[in-house]
Amino acid sequence: MSRWRRDKILLWALRSCACLAGTLLFLIVLFLFIEAAPALSNIAFTHFITDTGWHPVEGLYNLSPMLMGTLWATLGALLVATPLGVLSAVFCHYYAPPAVATPYRRLIELLAGIPSVVYGFWGLVMVVPFIAQYQPPGASLLAGIIVLTLMILPTIALIADASFANVPSHYLHSAAALGLSRWTTVAQIILPTAKPGLITAIVLATGRAIGETMAVLMVCGNVVNAPQSVFEPIRTLTANIALEMAYAVGNHRAALFVSGLALLIMIVALIILAERANGHRQHA
Amino acid sequence: MRDALAVSRSKNHLATAVVWTVAIVVSASFLLLISNIVWEGMGQISWTFLTDTPRNAGREGGIAPILVSTLLILAVCIAVSVPIGLGAAILLAEYSSDQHRFGRFIRRSLDVLAGMPSIIIGLFGNAFFCITLGLGFSILSGGLTLACMVLPIFIRAAEEGFRAVPDAYRHNAAALGLSQVTTLYHVLLPVALPAVVVGLILGIGRALAETAALIFTSGYVDRMPGSLLDSGRALSVHIFDLSMNVPGGERNAYGAALVLLILLLTINLMTHWIMRRFFRSRSVSP
Amino acid sequence: MRPSNLLRKMESQAPQPIPLTERAPPLFVTDRLGLHYGSQAALDAVTMTIPAGKITTLIGPSGCGKTSFLYCLSRLTDQLDDARLSGRILFKNEDLHDRALDIMALRRRMGIVFQKPTPFPFSIQKNIELPLREHGVRDKTQITAIIEQSLQDVGLWNEVKDRLHHSALSLSGGQQQRLCIARALALNPEVLLMDEPCSALDPISSGVVEDLIKDLGKQYTVIMVTHNLPQAKRVANDVAFFWMRNGAGQLIEHGPAEEIFRDPKDPLTAEYVTGAKG
């Protein structure tokens, strides 16, 4: 075979690999739609928000408690994890002596890699019983928020850390030359400069929290319930899919794919939001 | 004037205290988590735990078939994602500039794919691999589903690796009349290899940690798998099942969780080692 | 138009500054050669005849298109994103813009040496062996012989003969550049194209490589870019002077080295070679 031919074949092989990888996303969306189609055509859309409850076997498909569960858990975790994560990164960069900063950073990196099932397990054996001592049953929105916070905190801290690293060092030198205190420097100069990176961090963390399944499945109690307080159990969209997928058939199965679509829409909205925030920063 | 200065001073002190407190709380809660798993898990891990089959729904016995299933699922995942991912990465890095529409489309689609929640990938895996392709709840289905998650991570890392190869190599290879196949295989791939390996390890880490996508693709069966078409329970699914569905399963769940953590830690250390070994000292000429 | 006809036509109509073609057969002929990177012009209408059997140096300030010109001669412009050629180039009467031309086979006939020494990151031996095998030389003894010969030619043999299997990156900068030249020579090229081959080297290595180029000029046609005027004076038979005009590189003057340096026709050339400009 001539070398020229080999090069041609190589190029086509590479193209097909890239095509395959690039169309995967569309295949996924397509299959979600195909599987959700029976529910979308048999069940009027309003059923997913106005039915009296989620009893798929009896034909009641109200997804809104799960939707609320997902939103509350995500929101709660974000509210706690954002300041903690950003301050963690601030600590690493501007407060900790090098001998502390390096192990701290390694710890956070390590935590970013801990599987969600381990977080969930730890929440189940430590956090849930702890809450139950004060406010039974323990498996609750609060437990979910605590575990989710721990899971997304490393994401926020690492990205914030990376964006602090990109703050030009002459900003710091100038701030020092002006005699600004450390906190003034951080609050007035560093944080505004690193803002795009921080927004990216929050958006990614939000995506992670919305999509998280195992940890919330294990600690939230999974009662279909619109929570009145943080001590009540909830069920998230993801947990709902994981719990019922194994035995769901017919419209029930299709309704689960509808909730998958709902998740997909949230994530896509988030991605679009992130791009707006970053002013259409293109991949370099 | 002096008051303002005093206020700003005390604000600064307060901030310092807060930042340190946050750092201490964060590291304390994480150390609590890790030490708890390590402490409780240590008592469970032994040679028999690793080589025995689970008994009494996993409350007793070990995790041998689960380790085997996990490795098989990973093997399927790697066998599929490495060739496809490498091909896609090379195309993106070597044959499509940033302005190129095809390349931009693929990069973008991969970026979105990387942000997909694993449960959605799991739904797709169930619908496509298990049902449409008729593979059923099997190690093959699980591995293929994980490949969908690993591909964007691997491709991104491998693409960066190829992009980091100095253009001088490409120009010299072209000047010598080397074919693209030879240039890629003999010149570019060896230079990009450390980055490709790091990407692969990151992907394996992600796959090993994954649970949600496996529950309804590779399934729950905890017997030793006989073939790739058998259902097999991954380590992470085992931890989930023991702690949620098996009263009294916590002891062995701790053991399995520690094994999983050790595997992931090993992977983390390998990545760091490769990065340090190959990326600091990679200056090419004088 | 057939390339040979074109050549004849160009020769007949050309009111060329110096009739180089009378003294040596032309190796390259360019006709209104232009090069654009995107919308940015790099070369503008370069018409030039480069004779075989001589050392031609391309001089001029940086950014004046010398290197771009060299890239055009070897079609290395293919390697650059969004580079666009216009005009024509003939290499031994073959049209380099011909789509059917086998570029890989063409590059074998040209040895190209870049400014920055870039041995591939494997052994010294494999650096020379890989291109040989690629171009169909499979016989072990023949390969060994060619490796030795080409390393002898660049004066590297005695320095590396005991460590042919060591990484080429372990060599010094000057040695690396000589290895790159040897790698090009091993393919037995018809011309050597060199892009400032000494400028990334320390003064001693630079001297060694310069002497080597002078020697090679006795056997090979050499076309070398340099912005080191004394070096051009020392090694060149012919000199082509490029200058940037209206944002694009142009050929100002081309002729035998002694004429360009002693008695330039163009005032710009005069200012440049006396150091008054550039």
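Residue numbers start from 1 in every chain, and the chains themselves are labelled A, B, ... in the order their sequence lines are given, proteins ahead of strands.
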What part of [X] lies closer than 4.5 angstrom to a heavy atom of chain B: side chain, backbone, both or neither?
X	value
Leu263(A)	both
Ala13(A)	neither
Leu110(A)	both

Measure [X] against the heavy atoms of chain A and call it side chain, backbone, both or neither at under 4.5 Å.
X	result
Leu33(B)	both
Leu92(B)	neither
His13(B)	neither
Tyr95(B)	side chain
Pro83(B)	backbone
Val18(B)	side chain
Leu264(B)	side chain
Leu269(B)	side chain
Ile267(B)	neither
Leu261(B)	side chain
Leu208(B)	neither
Ile121(B)	side chain
Leu113(B)	both
Thr183(B)	neither

Got [X] and [Y] here, is their nearest side-chain heavy-atom distance under 4.5 Å?
X	Y	value
Val22(B)	Phe91(A)	no
Ile106(B)	Thr23(A)	no
Leu150(A)	Ser29(B)	yes

Measuring from atom [atom1] of [X] to atom [atom2] of [Y], what distance do you get when rounded to the nearest 0.5 angstrom?
X	Y	atom1	atom2	result
Ser243(B)	Leu124(A)	OG	CG	5.5 Å
Leu123(B)	Arg253(A)	CG	CZ	8.0 Å
His272(B)	Arg106(A)	NE2	CZ	4.0 Å
Ser179(B)	Leu10(A)	OG	CG	8.5 Å
Ile34(A)	Thr132(B)	CD1	OG1	7.5 Å
Leu91(B)	Trp12(A)	CG	CH2	10.5 Å

Query - Ring centroid separation Trp20(B) to Tyr95(A) under 6.0 Å - result: no
Query raised in the report: What about the rings of Phe121(A) and Phe240(B), do their centers lie closer together than 6.0 Å?
Result: no
Greatest number of heavy atom pairs closer than 4.5 Å to chain B - which of [options]:
options	value
Gly260(A), Gly123(A), Gly207(A), Ser181(A)	Ser181(A)
Val90(A), Ile210(A), Leu20(A), Leu217(A)	Leu217(A)
Leu204(A), Val118(A), Leu27(A)	Leu27(A)

Query raised in the report: For Thr184(A), does its backbone N or O pair with a side-chain atom of Asn12(B) as donor and acceptor, under 3.5 Å?
Result: no
Query raised in the report: With Phe26(A), which residues qualify under ring pair (Phe, Tyr, Trp, His ring centres under 6.0 Å), at least two apart?
Result: Phe105(B)
